[in-house]
Amino acid sequence: MIVPMKKVSLLVLGDKKKQTLKTLRELGVMHVEITEGAGERLPSLKEKLARLENALYLLGKPKQTDPKEVTPAEALKLAEDIAALAEDKKDCLAKRIALCAELDRVKKWGEIDPHTIDELSERGVEITLYEMPRKEYEALDGRIQTVRVGESRTSVLFLCAMRGTEGESEALEAIKHYRFALPSHSTEQMREDVASLDARVATIDESLSSHSVYADSFKQAVKVLEQEIEFEVYETGMDKESLSDGLSLAYFTGYVEEENLESLRVAARDNAWGLAFEDPCEEDNVPTKLKNNKFVSLIYPLTDFLGTVPGYFEYDISGWFLSFILIFFGIIFGDGGYGLLISAVVAIPILKAMLAKKPVAPALLLFGLFGLSTMLWGLLTCTWFGLSPEYLPVWLQKFSIPVISNVYADKLWQPFWVSGDVGLTTSQNLQIFCFTLALIQLSVAHVMGALRNRRSLKVLGDIGSILQLLGIYYLVLSLVVNPEVFSFGLVIGGIPVGTVSIALIGVGFVLSFVFSNFEGSIGKSILDSLKNIVSVLLGVVNVFSDIVSYIRLWAVGLAGAAISATVNELAGPLLGNFMFMILAIVLLVFGHGLNMILNVLSVIVHGIRLNTLEFSSHLDMSWSGHKFKPFKQQIDYKGESL
């Protein structure tokens, strides 16, 4: 359920802002609606926070097993040292890259010392280095005397010693763009510099590694600073009104859970605050807090990972989300063997936590349920590690449900209302199961809407949507699954099923058209539908596509089964040869492991989509909420000011 909230407004004297916030933080029940502050300390605090976070990033995962504690103020000083070391390392690496690039540029010349060439120049011997294409070198002006020192397929390396002969200067001027720029240092010196820089970088890395013992203290300091920033934002972000005699009033709004309103009222009375409260309206940016039993709460790790929070005036679908994602997970993975592996892997940390009498992480329990769900689906369909049913024990085959079991994959199932050679295959039965899941889940959405609108004629619009779902469900079975079994001329017990489905679509459309926008006036509701006639008509098509969308469960599960079978076929012949047995095992582990990874991605892409898009769209949910975060003391710090 979504916990009921009250919107509250607090009014305090301007000089009591800080004390009021301290009291509220100790109370820890109010979500404060202040998002921006204007305090002079804020830039400094944020810069310090960035410095600490950067230090944690630079340290990476701590390698030390013996952590040391320092105060947050000391942690800040250490963070400055780490930043200086990191900057020094950055400079060293930049210089090293430049030196290596220079060495790479001159390596074709061998050992070069520009100082030697400078000394020769001082003695009157002018030597210049050139690199020229071979063809141009062969056509070089004869007035230039060269000494060839190297060559490649396309170019020639040579040097020239100025002799002072007639025309020599003009000839050299013509080829000056081929002159090779001498390095600023000798190659020997550059190599020594690179080695020195490598040693310096190693020393810096060692020093950084030695700081990793303070990683926990850095994290603690980050929390302290975040708390300080939050306090500063709230204090400087309050609205103010100046009064006479130098007095001023400060006021702000926030939200509190209904059950905690009384404690806030007591605090307001004891501290002489002005307090007003009211029920929030849809225009308010109300935070959302979910409260469910322990089982339903297992879905929270997944929704937190997705970052999805329902709006305060939307629905809490945690229970339905958990129920359907378990089913979707089992169908998409589709293999009881995979479920067995997941359950076994998750069982180890769960048992360790239980033996140590520690609480089990909800994420582990959720993955355990995913494993059990996959095992159950594998049991019902007789799918285990992609093996053909004939290789499985008879008792496993008997546990499966015949109409969807791989044991009877080649059998044609004939419903009681058809005769002859007409029937349904196992794959078609699985498709029907997926479409039935769609009907159930989408109907749940509109039943929830009908319950919310039960005191309004708008409920008829929800009933109309349910009727459309029923009619379009049969339309999908006829068009997608088997038009002979689910024909529009089908009559069962005197009931023309096809005709009834069309009638349900028509009646449902009319009810939805007339009442879906009802807000006290039928005429206005019809007018609103006429204004959006294109969207209304497309809505019928969307219902069809939403139901068909659930076939992705069968399709992805089928693809995974095909990959499993292919891996087994490739590895099977190798298992009969002892020399290739290790290769076969590696192939099996890699193939099935890759398939499981792909299945995880499929659950994220397809299984979660059906909950957060198809199902939620029928609930008119936009997941526009944000979490309820009461202003409270996160960490107790009474040291020197940061």
Side-chain angles (χ1 to χ4, degrees), residues 403 413-425 427-450 453 457-518 522 525-554 610 613-615 617-620:
V403 293
W413 299 92
Q414 194 173 63
F416 68 89
W417 62 81
V418 297
S419 59
D421 297 331
V422 178
L424 297 169
T425 64
S427 292
Q428 289 174 331
N429 288 331
L430 288 169
Q431 293 174 31
I432 294 171
F433 179 80
C434 293
F435 293 143
T436 304
L437 273 178
L439 176 65
I440 293 171
Q441 188 174 28
L442 300 182
S443 295
V444 164
H446 291 290
V447 169
M448 292 171 68
N453 298 318
L457 286 178
K458 196 171 184 177
V459 70
L460 295 176
D462 295 304
I463 293 173
S465 296
I466 295 173
L467 295 179
Q468 286 186 76
L469 277 171
L470 291 169
I472 293 175
Y473 170 72
Y474 186 81
L475 180 65
V476 169
L477 296 183
S478 178
L479 296 179
V480 178
V481 180
N482 193 317
E484 294 179 318
V485 175
F486 302 101
S487 67
F488 284 100
L490 176 62
V491 177
I492 300 178
I495 300 175
V497 179
T499 303
V500 169
S501 67
I502 298 299
L504 288 173
I505 296 172
V507 173
F509 176 79
V510 171
L511 288 174
S512 181
F513 184 87
V514 175
F515 296 103
S516 61
N517 298 306
F518 181 79
I522 294 178
S525 177
I526 295 174
L527 185 60
D528 288 341
S529 295
L530 287 172
K531 289 179 181 177
N532 300 287
I533 187 64
V534 175
S535 298
V536 172
L537 293 173
L538 287 176
V540 181
V541 179
N542 287 338
V543 173
F544 179 89
S545 64
D546 286 346
I547 294 176
V548 172
S549 182
Y550 281 69
I551 202 172
R552 69 182 66 232
L553 298 172
W554 166 78
L610 294 176
L613 186 60
E614 276 81 357
F615 180 47
S617 66
H618 283 256
L619 284 166
D620 290 329

Mind jotting down which residue pairs meet the side-chain hydrogen bond (donor to acceptor under 3.5 Å, both in side chains) criterion with at least one end in residues 471-482? Sequence neighbours excluded, please.
->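 Output for this query lists T436-Y473.
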
Quick one: ring pair (Phe, Tyr, Trp, His ring centres under 6.0 Å) partners of F518, sequence neighbours excluded?
->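 With neighbours one apart ignored, the set is empty.
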
Any side-chain heavy atom of [X] within less than 4.5 Å of one from [Y]?
{"X": "V418", "Y": "E484", "value": "no"}
{"X": "L475", "Y": "F488", "value": "yes"}
{"X": "W417", "Y": "V485", "value": "yes"}
{"X": "V476", "Y": "Y550", "value": "no"}
{"X": "F615", "Y": "V444", "value": "yes"}

About how many Å separate [atom2] of [Y] and [atom1] of [X], when rounded to the nearest 0.5 Å?
{"X": "M448", "Y": "D620", "atom1": "CE", "atom2": "CG", "value": "11.5 Å"}
{"X": "L610", "Y": "L437", "atom1": "CG", "atom2": "CG", "value": "9.5 Å"}
{"X": "I533", "Y": "L538", "atom1": "CD1", "atom2": "CG", "value": "10.0 Å"}
{"X": "I526", "Y": "K531", "atom1": "CD1", "atom2": "NZ", "value": "13.0 Å"}
{"X": "Q431", "Y": "L424", "atom1": "CD", "atom2": "CG", "value": "9.5 Å"}
{"X": "I466", "Y": "L439", "atom1": "CD1", "atom2": "CG", "value": "10.0 Å"}

Closest approach of [X] to [Y] (non-hydrogen atoms, all atoms of both residues):
{"X": "V481", "Y": "Q428", "value": "O-NE2, 3.1 Å"}
{"X": "I472", "Y": "V540", "value": "CD1-O, 3.7 Å"}
{"X": "S516", "Y": "S529", "value": "OG-OG, 4.2 Å"}
{"X": "S617", "Y": "D546", "value": "OG-OD2, 4.2 Å"}
{"X": "L619", "Y": "A445", "value": "CD2-O, 3.3 Å"}

Could you list the donor-acceptor pairs under 3.5 angstrom formed between side-chain atoms of residues 498-515 and any protein atom two or more places apart in sequence or on another chain?
unit_1	atom_1	unit_2	atom_2	d
S501	OG	G498	O	2.6

May I have the step-by-step check of side chain to side chain contact (heavy atoms under 4.5 Å, CB included) for F416 and I492, ending in yes or no?
-> CA-CA 10 Å; F416 68 89; I492 300 178; 4.1 Å; yes

Pairs in or reaching into residues 495-517: which pass salt bridge (charged side-chain N to carboxylate O under 4.0 Å, His left out), with residues at least two apart or in two chains?
->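 The answer is none; no pair qualifies.
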
May I have all residue pairs that pass salt bridge (charged side-chain N to carboxylate O under 4.0 Å, His left out) and include part of residues 457-472, sequence neighbours excluded?
->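 Applying salt bridge (charged side-chain N to carboxylate O under 4.0 Å, His left out) to every pair that reaches into residues 457-472, excluding sequence neighbours, yields K458-E519.
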
Who pairs with S549 by side chain to side chain donor-acceptor pair (under 3.5 Å), at least two apart in sequence or on another chain?
->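 Testing S549 for side chain to side chain donor-acceptor pair (under 3.5 Å), a comparison that skips the adjacent residues, returns R552, E614.
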
